[in-house]
Amino acid sequence: MAQNIIVNLIPNKNFTSEHILTKKDLTFDQQHIWHPYTSAINPLPCYEVTGAEGVYIHLATGEKLVDGVSSWWTAIHGYNHPKLNQAVKSQVDEFSHVMFGGLTHKPAIDLCRTLVDITPQGLDRVFLADSGSVSVEVAMKMALQYWACQGNSRKHRFISPRNGYHGDTFAAMSVCDPINGMHSLFSDVLTQQIFSPAPQTRFDKQWNEDDIKPLEQLIQAHHNELAALIIEPIVQNAGGMRIYHPEYLKRCRQLCNDYDILLICDEIATGFGRTGKLFACEHADVSPDILCLGKALTGGYMTLAATLCSEDVAQGVCQGEPGVFMHGPTFMGNALACSVANASLKIIQQNDWQTQVFQIERQLRAELERCIHLEVVADVRVIGAIGVVECKSALNVAELQKAFVQQGVWIRPFGKLVYIMPPYIINPKQLSQLTQAIYDALK
Ligand SMILES: *Cc1c(COP(=O)(O)O)cnc(C)c1O
C-alpha cells in the first residue's frame with residue numbers, strides 16, 4: 001500500500017497548517033474520491049496543491065513545480081493572471097449565472113462575436129457548451145439532425161481516422177480510437193462508427209499520396225450512410241500525440257465536399273495558438289462545417305466549450321420538424337466562464353502569443369532533439385508549443401511522476417509518451433528545466 005498513499009511529505013513552514021491535508025483528509029480522498037482515469041482499488045498517488053502562479057504549481061510540501069502540462073493544455077497565460085482574476089471578480093459582483101433560455105447577456109455576446117471573428121471563415125453560429133466532450137456531442141448531434149431534417153436519416157454514421165480522441169461521453173467515445181478508447185468494453189452500447197488508418201505522413205515530410213487512399217476508399221464505399229467526418233486538425237492529441245501533414249486535412253475537406261459529408265474539426269486541444277497558428281485548420285487553409293473548441297478557451301480558469309457551425313448547417317438543422325436544435329445545457333452561457341474567456345481572448349489578441357509559441361517551438365526542437373539518442377526513445381516530434389518524446393515501451397507513470405516532482409517539474413506521461421505543452425508565458429530557463437528533466441528521467 002505504501003506507494004498508494006497520497007504523497008504528503010514534511011510540511012513546509014512557509015505554509016499555514018490549514019493548507020496541509022490531515023491524514024484523515026488523505027484517507028478520505030483515497031477512499032471516496034475518483035480522480036481522472038484512476039482506480040478505486042489501487043489509486044495512483046496525488047500531490048496536494050496549495051497555490052499556483054505564473055508557470056508554477058505550489059505543493060503543500062513546499063516544492064514549486066514548473067508546469068509542463070498547463071493543467072491539461074488549458075492554462076496558456078499561466079496561473080493567477082491579474083487580468084483573468086479581475087474578469088472573474090468583476091463579473092461575480094454583477095451576476096454569476098442566469099439561465100440562457102430566453103435570457104442573454106453581454107459576456108456571452110462578446111465571446112461569441114470574438115469567436116465568429118477569429119475562427120476560420122464561414123463559422124457564423126455559436127453553441128456554448130459546458131465541456132469539450134459536450135461540445136463534441138453537440139457537433140455530432142448537429143450533423144445527425146442536419147441530415148435527418150433534409151429527409152436523409154440514412155446518413156447517420158461517422159468516419160474518423162484511428163488514434164483520435166474526442167472525449168469520454170458516449171457519442172464522443174464512439175469516434176475515439178477503438179483501441180485507446182477501449183471499445184471492446186462497451187461494444188454493445190457504442191454506436192459502430194467507421195475508422196480509417198491514422199494519417200502517416202509527418203507534418204514536415206514530403207506528402208505521400210498513398211496516405212489518403214484508405215480514407216478515400218472508405219468514403220467512396222460508405223458515403224450514403226455518413227453524416228460527417230470528425231478529425232483533430234494537424235495534431236492527434238490524447239490518442240497518441242501524432243503530428244500529420246496539412247495535405248491530409250486539405251484532402252479531408254475535398255472528400256467531404258465531393259461526397260456530401262460534413263467536416264467536423266475538433267480543435268479542443270489545438271485551438272488558441274498551441275500549434276503555432278491560432279487554429280490548426282489554418283495550417284491547411286481549411287474551414288470545417290462544424291468546429292469544437294474548449295480547453296484553453298477560458299485560459300484554464302473554468303470549464304467552457306463551444307461548437308461553431310456554418311450558416312448552412314444551422315439553417316439545415318432547423319428546417320422542418322422539430323424546427324429547433326435539440327440541446328440546451330443548464331449552465332449554457334455561464335457568465336463567469338464567458339467573462340474569463342473574454343479576458344483570455346483579449347490577451348491573445350493583444351499579446352504576442354505567436355512570438356512566444358514560435359520561441360517555445362525553436363527551443364523545444366533544439367533541446368528535445370538529443371533525446372532521440374537515448375536507448376529507450378523511439379521518436380521526438382515538435383510543433384508549436386507541443387513537444388513529444390515517444391518511448392519504445394509503456395512508461396511507469398507513478399515512478400516518472402515522482403522523479404519529475406523531485407526535479408521541480410510537473411510532467412504527466414501516458415502510455416509510451418512523455419510530452420510537454422507549457423503555458424505560453426514560460427521563459428527559456430524554465431523551459432530548459434522541463435526538457436532537461438525529460439532527458440534525465442529517460443536517461
Ligand atoms: C480534451 C479533449 C476533449 C474532451 O474535452 P473535455 O473538456 O475533457 O470533455 C475532446 N477533444 C479533444 C481533441 C480533446 O483534447
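Both counts, for ligands and for their atoms, begin at 1 and track the order of listing.
- Annotation: salt bridge (Lys or Arg N to Asp or Glu O under 4.0 Å) contacts of D110 (sequence neighbours excluded): K106, R113.
- Taking the six-membered ring for Trp and thresholds of 30 and 60 degrees, Y56 and H58 have ring planes more than 60 degrees apart, a perpendicular arrangement.
- Sorted by chain and number, the residues within 4.0 Å of ligand 1 by heavy atom are W73, S131, G132, S133, Y165, H166, G167, E232, D266, I268, A269, K295.
- Taking the six-membered ring where tryptophan is involved, the planes of H223 and Y259 are tilted, since the angle between them lies from 30° to 60°.
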Are Y301 and H81 close enough, and set up right, to give a ring-ring contact (aromatic ring centres under 6.0 Å, His included), and what steps lead you there?
CA-CA 10 Å; Y301 268 54; H81 193 288; 8.2 Å; no
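- More than 12 non-hydrogen atoms from other residues, nucleotides or ligands lie less than 6.0 angstrom from CZ of F95.
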Would you sort out whether D168 and M173 count as a side chain to side chain contact (heavy atoms under 4.5 Å, CB included), showing the intermediate values?
CA-CA 5 Å; D168 292 344; M173 217 176 10; 5.7 Å; no
